[in-house]
Amino acid sequence: MSRGSGGYDRHITIFSPEGRLYQVEYAFKAVKTSGLSAVAVRGADCVCFVTQRKIPDKLVDPTSVTSIHKITRSIGMLVTGMQGDSRSLVQKARAEAAEFRFKYGYEIPPDFLARILADQAQVYTQHAYMRPLGVVPIIVGIDEEKGPQLFKVDPAGYYVGYKATASGAKDQEAINWLEKRHKGTDGGLSALTYTDAVESAISALQHVLAEDLKATDIEVGVVSMADKGAFKVLSDAEVEEHLVAISERD
C-alpha cells in the first residue's frame, strides 16, 4: 500500500473516491521503472521500432537477451516492462495469431491482434484474482489492405494506431522530440522513407538518452513492403550503418 492511497490499492477492483484504480497505475509505473526506453516510427512503406539492449550481468549471453519478438512472418512486437510478463504476452500473441491463421486461412491483421491483447489487458482490471501485466507492447506489421500499421497497448486495455510513439522510462520526452522534429516536414512522419524512418527512431532514442549509442546498445526491428512485408531484426552491422549516417548528418 502506497502512502496517500488510503487503502484503495488493496484490490484492483476498488475505485478510490477520485475515480482512480491504483493497481492499474502501478502497472504503468512498472513499465517505466524497467529502465528501458523504446521508440517506434511508421513511414510511407515501412514501420520500425528501436529499444535499448541492457545486459544485466557480464556472465549472461547477450544473444539471449531481447525485447523484440517475431509473432508472425509480417508482425513484430516490442515489449517494454517486466520480462516475465512479456514472455507470457508474447506466447499469447503467437497463439492467437496461429489460431487465426488456422481458422481463417490468412495472417492475422496487426490491428486485430492489438485488439485481442487490449481486451485481455482490460479484463485483468476487472477481477481481484488477476493483476495487470506490467508491460506495454508495441505491434508493427503490414496490413494487406491498409499498409504499414503501428499499435501500442497499455496495461489498462487501451490501444490505438500511431504514426510514431514511444514507451518506457523516457517515453514522453521521445514523443515530444518526434513531434517537434517532424512538425514542419512535408507529409509529416507518414511520408518518411525506410532509411529516414529507421534513423528518425534511432535519433529520437539517442536524443532522450543523451548519449552516443553503439550498435550493441540497441535493437532495431523493421517491417517493410520492399521485403514483401517480412519482419526482421537488423544485424549489428546494419545498425552501425545507420548510426554512422546519423553522426555524419548531425
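The figures that follow rest on heavy atoms only: side chains count, while hydrogens, waters and symmetry mates do not.
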Where at least one partner belongs to residues 32-75, residue pairs that pass ring-ring contact (aromatic ring centres under 6.0 Å, His included), sequence neighbours excluded
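Non-adjacent pairs meeting ring-ring contact (aromatic ring centres under 6.0 Å, His included): Phe49-Phe231.
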
Does any non-hydrogen side-chain atom of [Y] lie less than 4.5 Å from one of [X]?
X	Y	value
Leu178	Arg181	no
Leu117	Tyr159	no
Leu205	His207	no

Partners meeting side-chain hydrogen bond (donor to acceptor under 3.5 Å, both in side chains) with [X] (sequence neighbours left out):
X	result
Thr63	Asp61
Asp45	none
Asp154	none
Glu199	His242, Arg249

Listed pairs under 3.5 Å, donor-acceptor, residues 217-229 side chains, sequence neighbours left out:
from   : atom 1 : to     : atom 2 : distance (Å)
Asp217 : OD2    : Lys214 : N      : 3.0
Glu219 : OE1    : Ser67  : N      : 3.1
Glu219 : OE2    : Thr66  : OG1    : 2.6
Ser224 : OG     : Ala226 : N      : 3.1

With sequence neighbours left out, what residues match Tyr124 under ring pair (Phe, Tyr, Trp, His ring centres under 6.0 Å)?
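Checked Tyr124 against ring pair (Phe, Tyr, Trp, His ring centres under 6.0 Å); zero matches.
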
Partners meeting ring pair (Phe, Tyr, Trp, His ring centres under 6.0 Å) with Phe28 (sequence neighbours left out)
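Applying ring pair (Phe, Tyr, Trp, His ring centres under 6.0 Å) to Phe28 gives none.
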
If hydrophobic residues (ILVMFWY) are linked whenever their side-chain heavy atoms come closer than 4.5 Å, directly or via other members, who joins Val60 in its cluster?
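Val60 shares its hydrophobic cluster with Ile55, Val65.
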
Applying salt bridge (Lys or Arg N to Asp or Glu O under 4.0 Å) as the test, list every pair that has at least one member in residues 117-136; sequence neighbours left out.
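Sorted result for residues 117-136: Asp85-Arg131.
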
Side chain to side chain donor-acceptor pair (under 3.5 Å) pairs, two or more places apart, involving residues 70-79:
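Residue pairs passing side chain to side chain donor-acceptor pair (under 3.5 Å), neighbours aside: none found.
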
List the atom pairs, with distances to 0.1 Å, where a side-chain N or O of residues 166-173 and a protein N or O form a donor-acceptor pair under 3.5 Å, not counting sequence neighbours.
from   : atom 1 : to     : atom 2 : distance (Å)
Ser167 : OG     : Thr80  : OG1    : 3.0
Lys170 : NZ     : Val208 : O      : 3.3
Asp171 : OD1    : Lys32  : NZ     : 2.6
Asp171 : OD2    : Lys32  : NZ     : 3.3
Gln172 : NE2    : Asn176 : OD1    : 3.0

Run Val41 and Val47 through side-chain contact (heavy atoms from CB on, under 4.5 Å) and show every step you take.
CA-CA 6 Å; Val41 175; Val47 196; over 6 Å; no

Charged N to carboxylate O under 4.0 angstrom, Glu96 versus Lys92?
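Here Glu96 pairs with Lys92 in a salt bridge, since their nearest N and O are under 4.0 Å apart.
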
Between Met77 and Leu150, is there a shared hydrophobic cluster once you connect ILVMFWY residues whose side-chain heavy atoms come closer than 4.5 Å?
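Result: no, two separate clusters.
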
Tell me whether the rings of Tyr106 and Phe100 are parallel (<30°), tilted (30 to 60°) or perpendicular (>60°).
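Rings of Tyr106 and Phe100: perpendicular, as their planes differ by over 60°.
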
